[in-house]
2 protein chains.
Amino acid sequence: MADRNPPARPGSEAPSLPARPTIYDVAERAGVSKSLVSLVLRDAPHVSDARRLAVLNAIEELGYRPSRAASALASQRTRSVGVLIDDFHNPWFVELLGGLRSVLDPAGYTVSVADFQLEAASGRNPVDGFIAQHVDALVLAAEPEEGLLRDVSVPVVVAGVRELGSGALPHADVVAGDDELGGELATRHLLDLGHRAIAHISGRSGPAAHRRRGYERTMRGAGLASRVVGADRTTTEAEGYAAAHELFAEHPEITALVASNDLMAVGTFAALRERGLSVPADVAVVGYDNSPLAAYRYLALTSVDPHSREIGAETARTLLSRLDDPGAPRRHALIEPSLVVRESTAPRG
Amino acid sequence: MADRNPPARPGSEAPSLPARPTIYDVAERAGVSKSLVSLVLRDAPHVSDARRLAVLNAIEELGYRPSRAASALASQRTRSVGVLIDDFHNPWFVELLGGLRSVLDPAGYTVSVADFQLEAASGRNPVDGFIAQHVDALVLAAEPEEGLLRDVSVPVVVAGVRELGSGALPHADVVAGDDELGGELATRHLLDLGHRAIAHISGRSGPAAHRRRGYERTMRGAGLASRVVGADRTTTEAEGYAAAHELFAEHPEITALVASNDLMAVGTFAALRERGLSVPADVAVVGYDNSPLAAYRYLALTSVDPHSREIGAETARTLLSRLDDPGAPRRHALIEPSLVVRESTAPRG
DNA sequence: ATGAAAGCGCTAACAA
DNA sequence: TTGTTAGCGCTTTCAT
């Protein structure tokens, strides 16, 4: 160790590495061994206060930042978790991420996120990057595609999506919103408002299927006929628009709509306006997600709040205990949603 | 090297490391040295086809993935760039990211993103994570806060924000939209439609200041008086709403509005509706960002498109040449915006 | 064209 | 409680 960091570095054309201090520098400055520094870093219990202080000071003075690469290499764990988001355009992930971090940060874990769409557009398997990065675990906030996680050997928690298509992920834990209950909440709210001719605009995603089920169950419970459209479409604004037009062309008697998400609900607004129907006077509309969209005054959309932040936090807790005990039985948690009433719903005229 | 990967690993309670193959395994299987494997990996020029093929096959058969941690440690570069987003809720970053990756991916760089708000909520300096990660460069898609990048020694490119408050980042390259031109585009469009009483709803961000300037310049050019409100507020939907109310309370003669972004524009929609004014019949409204919001049929907002994807691509190109030549003169690129006309603007009634 | 060998900065036994 | 030591998986001269 005599000639570490020699005055003039061999490859001194290195662009931007002004001799970043290492654990050796800290150790030297603090007058201790580098093991001790390592111990202080992850504050091990049996270090004398004097030494600890010396090390801490040295760290401070040198502006030392541990190298993740080195510690990952040495410890075979990165203390990082990869989060694969379905689509950055859908803002529900922001809340999810907040919840995730509220638990993972204090536990010393770093989270890195990737967008499934973006990743796929680059023509690569989105999880490849994460495994190259040696993440300790994966959170999948997206529909688990067949074979996506074939050779993934770290724990996986699926967040937000309850339906696991054809057992694609037999080993994954799942934390999701109780979408069926959410569908029920939305429908019951309209029922309570006196509506009877309530239709549902659905989509082909897993969550959409559960929401639909909640709607259907509730209608049946009230002795009413279900009317569902769009169960085979994507859950976009455009499809919501198209679905509403179809619905009202055939069934002008409808007075209320449950949409599978806020985006579709906004789509219905446009169709309704074009048909000369006003919200909520002629038609009441409920969305799902309680996204920022729903809160805009111009839309003021009554919406089911899945409590995404809580889903994130619970996902993180699940992850941590899975990491703690890889052999524990698979967990499947459901977070209870609630309804946020705004101005898009009113008693039946 | 005799006993690497012994049959039973010492700490064989390791959760999830089923002997991930290393470069040694590949070398052995291909019957070459690990140096050769390394050469093949970043396809060096002088490797015989036979060997190369053998190595490639071994890699394939073993399912080998290089360890980023190890290569980062050995090479002192991660081939990764950190992107600091202002706020994940603002979807403009998605396009930016797409553009960034379209040039960074082929160049072999990995991008990792963080959200400034989220990061700050955790009470840590958002760039700390990046520097611990050893990113080779930083993209700042946010207002550069004072002192944020104090001890950052890697190249920084500021994306999208043109105004650098009090020289906070004297060394950073900048790639931004030409917001002043955008403001002009919006205003000119309304002028062309015959509007004369055109007001502007602004905010206190850097981009907002430029957009405002474009508006003012254009009004002045037309011999008209400017009317600006909200230059000291945040650029949110709520502020757009409040600003529109104030504006029309005092100046009911206004027939057109230029908003500093789409969010504020949506805010004005609500205020206008409350005042019994309809869009575009009574008041024409132009937004900025051409966000997904603007495209919703129910809003159909005419908006200035900053071409965020192109901003991202140009940012990446700037980054790459900066990495290539750290000493090159600072670059400052402006991307030209365009106007997307929808239904929120119409000729003056 | 290919291989040997010396680290990169850190962790984790083990010794002391 | 603290120091010694042997790697982690890869890159990179330098030989050959």
Side-chain angles (χ1 to χ4, degrees), chain A residues 1-6 9-14 17 19-28 30-55 59 62 64-79 132-134, chain B residues 1-6 9-11 13-14 17 19-28 30-55 59 62 64-79 131-134:
Chain A
M1 291 300 109
D3 54 351
R4 293 191 77 270
N5 286 340
R9 295 198 154 200
S12 64
E13 74 286 9
L17 287 165
R20 189 173 144 166
T22 75
I23 199 172
Y24 286 95
D25 302 316
V26 175
E28 188 181 351
V32 303
S33 77
K34 67 191 168 91
S35 319
L36 229 236
V37 176
S38 188
L39 289 180
V40 171
L41 279 176
R42 71 198 107 104
D43 42 40
H46 299 301
V47 179
S48 71
D49 284 351
R51 305 285 206 178
R52 178 190 307 280
L53 209 63
V55 170
I59 288 177
L62 262 32
Y64 166 78
R65 323 287 307 158
S67 158
R68 296 190 75 83
S71 84
L73 189 54
S75 69
Q76 300 293 68
R77 38 167 28 235
T78 52
R79 289 202 162 273
Q133 238 186 95
H134 283 250
Chain B
M1 291 299 108
D3 55 351
R4 296 192 76 268
N5 285 343
R9 295 198 154 200
E13 74 287 7
L17 285 166
R20 187 171 146 168
T22 76
I23 199 172
Y24 285 95
D25 302 316
V26 175
E28 188 180 352
V32 302
S33 77
K34 67 189 167 86
S35 318
L36 229 238
V37 177
S38 188
L39 290 180
V40 171
L41 278 176
R42 73 198 103 102
D43 43 41
H46 298 302
V47 179
S48 71
D49 284 350
R51 306 284 208 181
R52 178 190 306 282
L53 210 63
V55 170
I59 287 176
L62 263 31
Y64 167 78
R65 322 288 303 156
S67 157
R68 295 190 76 82
S71 80
L73 187 54
S75 70
Q76 300 293 70
R77 37 161 38 234
T78 52
R79 289 200 162 273
I131 83 162
Q133 237 185 95
H134 282 252

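This is a predicted model, so every value here is computed, not measured. Protein chains get the first letters and strands the later ones, always in sequence-line order, with residue 1 at the start of each.
With rounding to whole Å, A:Leu62 atom CG is found 13 Å from C:dG9 atom P. Distance, A:His134 NE2 to D:dC8 P: 13 Å, rounded to whole Å. Between the CZ atom of B:Arg52 and the C1' atom of C:dT2 there is a distance of 13 Å, given to the nearest Å. Regarding B:Gln76, its CD atom lies at a distance of 10 Å from the P atom of D:dT12, rounded to whole Å. Counting to the nearest Å, the P atom of C:dG7 and the CG atom of B:Leu73 are 14 Å from each other.
Partners of B:Thr78 under the side-chain hydrogen bond (donor to acceptor under 3.5 Å, both in side chains) rule, at least two apart in sequence or in another chain, are B:Ser80, B:Asp136. Partners of B:Ser71 under the side chain to side chain contact (heavy atoms under 4.5 Å, CB included) rule, at least two apart in sequence or in another chain, do not exist in this structure. For B:Ala74, there are no side chain to side chain contact (heavy atoms under 4.5 Å, CB included) partners two or more places apart in sequence or in a different chain. Here A:Gln133 pairs with A:Ser112 under the side-chain hydrogen bond (donor to acceptor under 3.5 Å, both in side chains) rule; sequence neighbours left out.
Distance alone, capped at 3.5 Å, places no donor-acceptor pair between the A:Arg65 side chain and the A:Arg20 backbone.
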Between protein and nucleotides 10-13 of chain C, what N or O pairs are separated by less than 3.5 Å?
unit_1: C:dC10; atom_1: OP1; unit_2: A:Tyr64; atom_2: OH; d: 2.5
unit_1: C:dC10; atom_1: OP1; unit_2: A:Ser67; atom_2: N; d: 3.1
unit_1: C:dC10; atom_1: OP2; unit_2: A:Ile23; atom_2: N; d: 2.3
unit_1: C:dC10; atom_1: N4; unit_2: A:Tyr24; atom_2: OH; d: 3.3
unit_1: C:dC10; atom_1: N4; unit_2: A:Lys34; atom_2: NZ; d: 3.0
unit_1: C:dT11; atom_1: OP2; unit_2: A:Ser38; atom_2: OG; d: 2.6
unit_1: C:dT11; atom_1: O4; unit_2: A:Lys34; atom_2: NZ; d: 2.5
unit_1: C:dA12; atom_1: OP2; unit_2: A:Arg42; atom_2: NH1; d: 3.4
unit_1: C:dA12; atom_1: N6; unit_2: A:Ser35; atom_2: OG; d: 3.3

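Within the 4.0 Å cut-off from OP1 or OP2 of C:dA1, not a single side-chain nitrogen or oxygen of B:Arg51 is found.
The side chain of B:Ser48 lies closest to C:dT2, out of C:dT2, D:dT1, D:dG3.
Screening B:Val47, B:Thr22, B:Val32 against B:Val37 for a side-chain contact (heavy atoms from CB on, under 4.5 Å) leaves a single residue, B:Val32.
One axis for each end of the helix from C:dA1-D:dT16 to C:dA16-D:dT1, each built from five base pairs, and the angle between them comes to 30° at 10° resolution.
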